[in-house]
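Worksheet for the structure shown next.
Starting from 1, each residue takes its place in the sequence as its number. Each ligand, and each atom within it, is numbered from 1 in the order the structure gives.
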Amino acid sequence: MDSDGSVWPASTTRREDGGLEVGGCEIAALAAEFGTPLYVVDEADFRARAVAFRTAFGEAFARYDATVDVFYAAKAFLCSRVASWMKKEGLGIDVASAGELELALRGGMPPARITLHGNNKSDAEIARALEVGVGRIVVDSLEEIGLLWEEAERQGVVAPVLIRVTTGVHAGGHEYIATAHEDQKFGLSLASGAAAEALSLCHESPFLKLLGIHTHIGSQIQSLDAFRESAERMLRLRSDFAEASGFEVPEVDLGGGYAIAYTSSQEALPIEDAATAIAGTVAEALAASGGSWPRVSIEPGRAIAGPAGITVYTVGVTKTVRLEDGGERRYIAIDGGMSDNMRPITYGAEYTATLASRESDAEPVRSRVVGKHCESGDILVHEVELPGDVAHGDLLAIPATGAYGRVMANNYNALPRPAVVAVKKGKTQLLIRRDTIEDQLAWDVAP
Ligand code: LLP
């Protein structure tokens, strides 16, 4: 809250007693009931963000009498309840494993609205996807075409496929989250002709139904130009293939990657601008090639789940160290760390934090929020001004942790992964329960 109100879930407020509140629930009360660390999801904000994508893209494409399908990228955060929210809000879901597929199904997502991704789908994942009848399987390699064909033939079904194309557009926040340049594991290259070869193979197979092409250029993308360039290359591929084969693929999926703000110095990519840019690019490409409108789809994950979630921690020990420049830094250790938020240590991601259990008039001091793991790089917030009297037992909250937080959490140092609770209008709903030491003993095979 406070100086950087824009990075907090929409319903976040300071109560009169100074405590932070989200979804009408006092953070201190949530911490008391569910323990910390705790992920808190503002349900109304999460759902509103999903609807905002449908609305913004729907309106931008409606200007050309076209429609858009929005698939929530489950990898950002998934549990069956979230799948049920997405179903109710009219979105589909993109899943990247058998586990995500089962969670989406448990949430009641109709299989026809599920897309299966994965650069290395197992035989079992392919078989399960065909058995339940997912709407789309995104083929990631030439080798996979054979595997999918065989399994479809074995089951006596026709597999609906999209071809994952690497367009050569290099975009995204960190090298590890950029996905459409050539030198990486995903997809079929546009430049080398592998994408065109895959299109022909799928088109000719009696057990594959070629629905279209897919690309995802990366994550945390700020640049509209990257989205435009990618859409243009995809539409060109579509028209080139139509010319060569006489078949104009009906669908074009342009992936996700819409940037959000993690701190007040960052900016989210405005969804309306992205929608207008993408719809305009498709329209221009079609005007040039003379093709008909494809069914376009997008796959936002982070921009739906990220800003709607926060993590709440309890402060343990603190200490102040002298720096070489003569200044001081206060270390504030919390009861989680790199096990519940891998992003700082993995991508150098920046976050901010605030005192959540009370307000303080104490002079702010240069602080670093660190975890409890046996690793000096276990830093959640490198630098943030926090009141000098933050002490043992206080609660800190870190915003914008709703995406790629709980789903990337691990049990390093045998820490239990935190619970996730949804809040709305003063009511709570447990989405994922906390791991327990008993869970860990149960996973362990005793000697
Ligand atoms: N579609 C596909 C095929 C994807 O691979 C991804 C993300 C998305 C959609 C959703 O992208 P989003 O809208 O969430 O940016 N763990 C990293 C992000 C990796 C994203 C992987 N794919 C992070 O914490 O930043």
Which atoms of ligand 1 have any heavy atom of [X] under 4.0 Å away?
X	value
Gly301	12 (P), 13 (O), 14 (O)
Gly256	9 (C), 13 (O)
Asp94	1 (N), 9 (C)

**Study point:** Test item, Pro300 contacting ligand 1 (heavy atom, 4.0 angstrom)
**Key:** yes
**Study point:** Whether Met408 lies under 4.0 Å from ligand 1, heavy atom
**Key:** yes
Practice item. Identify which one of Tyr72, Phe77, Phe46 satisfies the ring-ring contact (aromatic ring centres under 6.0 Å, His included) criterion when paired with Trp85. Key: Phe46
Using a heavy-atom cut-off of under 4.0 Å, does the side chain or the backbone of [X] touch ligand 1, or both, or neither?
X	result
Arg343	side chain
Tyr347	side chain
Lys75	side chain
Ala73	side chain

Review point. Between Gly257 and ligand 1, does any nitrogen or oxygen pair lie at a separation below 3.5 Å?
Key: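 It does: an N or O of Gly257 is found under 3.5 Å from an N or O of ligand 1.
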Exercise for review: Give a yes or no on whether the backbone of Asp69 and the side-chain of Ser297 come within a donor-acceptor separation of less than 3.5 Å.
Suggested key: no
Exercise for review: Would you confirm whether Thr215, through its side chain, and Val165, through its main-chain N or O, come within 3.5 Å as a donor-acceptor pair?
Suggested key: yes
Review point. According to the side-chain hydrogen bond (donor to acceptor under 3.5 Å, both in side chains) rule, which pairs have a member within residues 49-59, sequence neighbours left out?
Key: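 As it turns out, the side-chain hydrogen bond (donor to acceptor under 3.5 Å, both in side chains) pairs with a partner in residues 49-59, which skip direct neighbours, are Asp45-Arg49.
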Point to revise | side chain to side chain contact (heavy atoms under 4.5 Å, CB included) against Arg366, all qualifying residues, sequence neighbours excluded | key: Leu323, Asp325, Arg329, Glu383, Glu385
**Study point:** Side-chain heavy-atom pair Ile93, Leu78 within 4.5 angstrom cut-off
**Key:**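 Sidechains of Leu78 and Ile93: in contact.
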Review point. Who's closest to atom 11 (O) of ligand 1 heavy-atom-wise, of Arg302, His216, His214?
Key: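 Result: the heavy atom closest to atom 11 (O) of ligand 1 is in His216.
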Practice item. Could you check which of Glu299, His117, Gln220, Arg164 puts a non-hydrogen atom nearest to atom 1 (N) of ligand 1? Key: Glu299
Practice item. Check whether more than 12 heavy atoms from other residues, nucleotides or ligands sit under 6.0 Å from atom CZ of Arg233, and answer yes or no. Key: yes
Check your understanding: Any chance the side chains of Asp378 and Tyr412 put a donor and an acceptor closer than 3.5 Å?
Key ->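 Looking only at side-chain atoms, Tyr412 and Asp378 do not form any donor-acceptor pair under 3.5 Å.
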